[in-house]
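In this text the structure is predicted, and so the values were computed from the model without any measurement. We count ligands from 1, going down the list as the structure has it; atoms in each ligand are counted the same way.
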Amino acid sequence: MNQVTHQDGTVRTTRAPERGGFFVIWRSMAQHNDMDKQQYDNLRHSCAHLLAKAVRELWPGAHNAIGPAIEHGFYQDFDMGDVKISDDDLPKIEHKMQEILPSWKKFTFQEVSLEEALRLFKHNPYKVELAQEFTAEGKKLQTNDPGNFLDLCKMGHVDHPDKELVHFKLLSIAGAYWRGNEKNKMLTRIYGTVFPTKEELETYLHQLEEAKKRDHRKLGKEQELFLISPSVGSGFPLYMPKGALLKRTLENWLIAEKEKRGFTFVWTPHVAKSELYKQSGHWQKYDAMFQPMKIDEEEYVLKPMNCPHHFQIYNARPRSYREMPLYLAENATVYRYEKAGELNGLLRVRALTQDDTHAFVRHQDIGIEIQKVIDLTFHVYKTFGFNDYKARVSIRDKKNLDKYMGNPATWDKAETALVDAVKKQHVEYFIGDGEAAFYGPKIDVMVKDTLGREWQLTTIQLDFIQPENFDMKFTNEKGEEERPAVLHIAILGSVDRFLGILIEHFAGAFPTWLAPVQAVVIPISQDQNEYAEKVLGELKAGGIRAENWNEAESMQNRIRKAAGEKVPYILVVGKREAEGETVAVRKRGNVDLGAMRVEKFVQNVKEEVEKKV
Ligand SMILES: [Zn+2]
Ligand SMILES: [Zn+2]
């Protein structure tokens, strides 16, 4: 049932195999001009034709398969026969594309019969298959020819390719199975991008470069935060001490923030009977569950969701209105099948920890509780320096009210409450008309990071159907039974993905309160080691995460290493500091704060941690 709740940005029922795990949208490009998504898609897809033509000219034996527009660009798949090409060939292909482009004045189209299409494309088994498929789907077949290159496709095109396709760039080459199916032939996929202006192309390429430098997989390795071990399996990240500390710091802080607001924490195991998910409907509707296993002749699965577990806790005993709203929260690891090709560091994994909450709420309190959760959501974002976000409120399709579960008056109120909650925060929002699931409206929040990339993080999903499925109730003031509504709340979404985003957002230079190591002590020589140990003891007693780097390595090297690891503070201690009971403080970014007494330093860091700056 909950296909659209609690997911790391994916919509399970409409999985798009060609998409990576990034969910990144460079909004900036759309703001620069009035082009809508369709026009961008036309531009990108048209450029894929140009790429196909160039490759076919360079390697006449190559067959082009599909060449769709994707987010930020396009790709074109080729069956290259026995030819192997690599990134080194991209400049040559680009050159050929530029050479061809001036002769591409206009796409001309012609409707053809299936027989005609099969004859025209008989050399290309992929086009033959597509022609048969389009026909079977009842689509008309149309060939297109922008200039001496007949092709068959079903997407839109630009009017003046020679003028519009000028600002393109090929980005990479990868292998991809025909139709994303491992049983099919492995094709060669060339990725590229194209923009209406040179400026936009350059901005995008610059962002790509920046993103590479900040790649959380690269930084995660350099800073020893996490690893993916082939012996454990891809999609199952292992957190190393510093990464685990980072994760725990983040989680502990958020747990404390939630507890301040009345959330209570539970713990549920990672495995449950298949029956549980049949009752919740996940079994029937959710396609990312792992294969079940047998224990004592009964069927069990790794949990993909926590909802039905928390419902058991709600139903553990009769509930009274005095307990409402009841917030059951858990940072819980759930297991979801993701295709191997879509796994990506911490951003897309098969074992993800959700900061999950189920709030059991009286219908009359929905508005106020949503408000409370939204308040917390924006408090969280602001704490991490995400100041640019927008919300989507998904509501019913007003022309199709029959398909929604629950009382229409309650829906009306709930939808208004959701909109009011985002309005009150003065954040940008838009209405997803008809995008609500049949069991309740929801709010999603998209956040922009320092690179201008947009991530969908928070989901607050109202649910009227699970209370029915699990027969949840409570006794009201009049002694009557009432049914609560459920709010599925995930503020960070996947904690792992959020950490991946944070690593890139901060480029590994975490604010002091989050940094796994907040300060390193560097004694100038072994003579100061005893004093350095004493300083370390005081730092630790003051609650500061610190290390004494007293290796027999030059001081400059140790300082360079600490700077490379982006440690917030380096405390150098020499003879003078030892005598004066001080430390020479350098703040990250090579800012010399001079000598200060250790208590003073501890005090300063504590204040900084408190303020979360
Ligand atoms: Zn086309
Ligand atoms: Zn849930």
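- Across every non-hydrogen atom of Leu462 and Ala414, the tightest pair is CD2-CB, 3.3 Å.
- Phe74 has its ring centre no less than 6.0 Å from the ring centre of Phe168.
- Counted by atom type alone, Asp444 and Gln461 present zero donor-acceptor pairs between their side chains at under 3.5 Å.
- The number of protein N, O or S atoms lying under 2.8 Å from the Zn ion (ligand 1) is 4.
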Practice problem: In sequence, state the C-alpha distance, the side-chain angles, and the governing distance for Thr268 and Glu330, and then conclude on side-chain hydrogen bond (donor to acceptor under 3.5 Å, both in side chains). | Solution: CA-CA 8 Å; Thr268 61; Glu330 180 177 12; 2.8 Å; yes
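- A centroid separation of 6.0 Å or more is found between the aromatic rings of Tyr314 and His358.
- Residue pairs meeting the ring-ring contact (aromatic ring centres under 6.0 Å, His included) criterion with at least one member in residues 125-155, sequence neighbours excluded, are Tyr126-Trp178.
- With the Zn ion (ligand 2) as vertex, His358 NE2 and His488 ND1 subtend 100°, rounded to 10°.
- At least one N/O/S atom of Cys307, whether from backbone or side chain, sits less than 2.8 Å from the Zn ion (ligand 2).
- A perpendicular orientation is assigned to the rings of Trp253 and Phe384, their planes being inclined by more than 60° (bins at 30° and 60°).
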